[in-house]
Amino acid sequence: MDAQNQHEPVAPVEQEQPRSYAFDVATISGQTNLEMLGDSPEMQPILELLGRDLVTKVLVQTPQLSVYHESAKPGERVKVHRHGVYQVDYVLRGELRFGSQRVTAGMGYFIPDRLYSWQAGDEGAEWIEIHSGIGGIFTDPPD
């Protein structure tokens, strides 16, 4: 075998195992998309897509599972996008409209890596958003 095809064995990268923990949503500070992303020209397309004022509190974020507490003002909306992961939105207060589907407190909406958009109802909305990993932001349909 020549030198170009010889490789040193590579040790597997070990990830730190997550620990169990309790959290109180009321004590976790939320950030708007504008606060998280900034107001630079590069971020304008994402802010246009997802809005500036949506408030996110990160509850859990691992490669396998991400859980967020979200809140939106009355009439706030996000444009068509997807995250590249499976997603469940469980409404705690108010209403989210996914097209003609109204999802109110106690209801959920499952999104299997498809393009979607929503608009908050007249009283705004508060929900738990669960992703099957760490999602991205995509505007094209999945392959």
Side-chain angles (χ1 to χ4, degrees), residues 4-143:
Q4 290 180 338
N5 293 325
Q6 293 178 359
H7 301 285
E8 292 293 318
V10 177
V13 175
E14 292 187 32
Q15 286 185 318
E16 185 177 316
Q17 289 296 321
R19 299 177 333 242
S20 300
Y21 61 92
F23 56 86
D24 180 351
V25 173
T27 65
I28 298 172
S29 62
Q31 291 187 298
T32 65
N33 285 339
L34 181 59
E35 291 169 331
M36 283 189 283
L37 301 171
D39 202 14
S40 69
E42 300 83 39
M43 290 296 124
Q44 291 307 311
I46 295 175
L47 292 170
E48 176 69 24
L49 184 71
L50 302 179
R52 302 167 79 80
D53 298 326
L54 175 69
V55 176
T56 300
K57 296 180 178 189
V58 178
L59 307 179
V60 174
Q61 195 167 51
T62 73
Q64 296 80 24
L65 177 70
S66 295
V67 182
Y68 308 99
H69 178 275
E70 307 272 6
S71 56
K73 295 177 181 178
E76 192 170 349
R77 66 177 62 224
V78 297
K79 295 182 178 178
V80 176
H81 70 288
R82 66 184 179 88
H83 295 290
V85 294
Y86 286 7
Q87 176 179 336
V88 173
D89 291 352
Y90 179 77
V91 177
L92 302 169
R93 179 189 59 78
E95 171 186 85
L96 290 175
R97 298 181 197 125
F98 295 87
S100 63
Q101 179 68 55
R102 293 178 61 229
V103 181
T104 58
M107 296 174 68
Y109 195 77
F110 173 64
I111 305 155
D113 189 24
R114 297 284 186 260
L115 291 170
Y116 75 98
S117 64
W118 57 256
Q119 180 174 359
D122 296 339
E123 297 173 14
E126 179 180 347
W127 67 100
I128 298 294
E129 186 164 305
I130 304 164
H131 291 195
S132 63
I134 298 175
I137 299 169
F138 308 97
T139 57
D140 60 330
D143 292 335

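This is a predicted model, so every value here is computed, not measured. Positions are given from 1 along the sequence.
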Is any side-chain heavy atom of [X] closer than 4.5 Å to a side-chain heavy atom of [Y]?
{"X": "Val80", "Y": "Ser117", "value": "yes"}
{"X": "Leu96", "Y": "Tyr109", "value": "no"}
{"X": "His69", "Y": "Ile28", "value": "no"}
{"X": "Trp118", "Y": "Val103", "value": "no"}

I need the minimum non-hydrogen distance between [X] and [Y], along with the two atoms involved.
{"X": "Val25", "Y": "Lys57", "answer": "O-NZ, 3.0 Å"}
{"X": "Ile134", "Y": "Thr62", "answer": "CG1-O, 3.3 Å"}
{"X": "Val67", "Y": "Ile128", "answer": "CG1-CG2, 3.7 Å"}
{"X": "Glu95", "Y": "Ala125", "answer": "O-CB, 3.4 Å"}
{"X": "Leu59", "Y": "Tyr21", "answer": "O-OH, 2.7 Å"}

For [X], does the [atom1] atom sit with more than 12 other heavy atoms under 6.0 Å from it, leaving out its own atoms?
{"X": "Glu123", "atom1": "CD", "value": "no"}
{"X": "Asp24", "atom1": "CG", "value": "yes"}
{"X": "Arg52", "atom1": "CZ", "value": "yes"}
{"X": "Asp39", "atom1": "CG", "value": "yes"}

Would a distance-only check, ignoring hydrogens and angles, find a side-chain to backbone donor-acceptor pair under 3.5 Å from [X] to [Y]?
{"X": "Glu70", "Y": "Leu54", "answer": "no"}
{"X": "Arg93", "Y": "Ser71", "answer": "no"}
{"X": "Thr32", "Y": "Val55", "answer": "no"}
{"X": "Asn33", "Y": "Leu47", "answer": "no"}
{"X": "Asp89", "Y": "Glu129", "answer": "no"}
{"X": "His83", "Y": "Gly136", "answer": "yes"}

Task: Polar side chain donor-acceptor pair, Gln61 to His131, under 3.5 angstrom - done: no
Open item on the list: Applying the side-chain hydrogen bond (donor to acceptor under 3.5 Å, both in side chains) criterion to Tyr116, which one of Gln87, Arg82, Lys79 satisfies it?
Closed with: Gln87
- [ ] Decide if the gap between the ring center of His81 and the ring center of Phe138 is smaller than 6.0 angstrom.
- [x] no
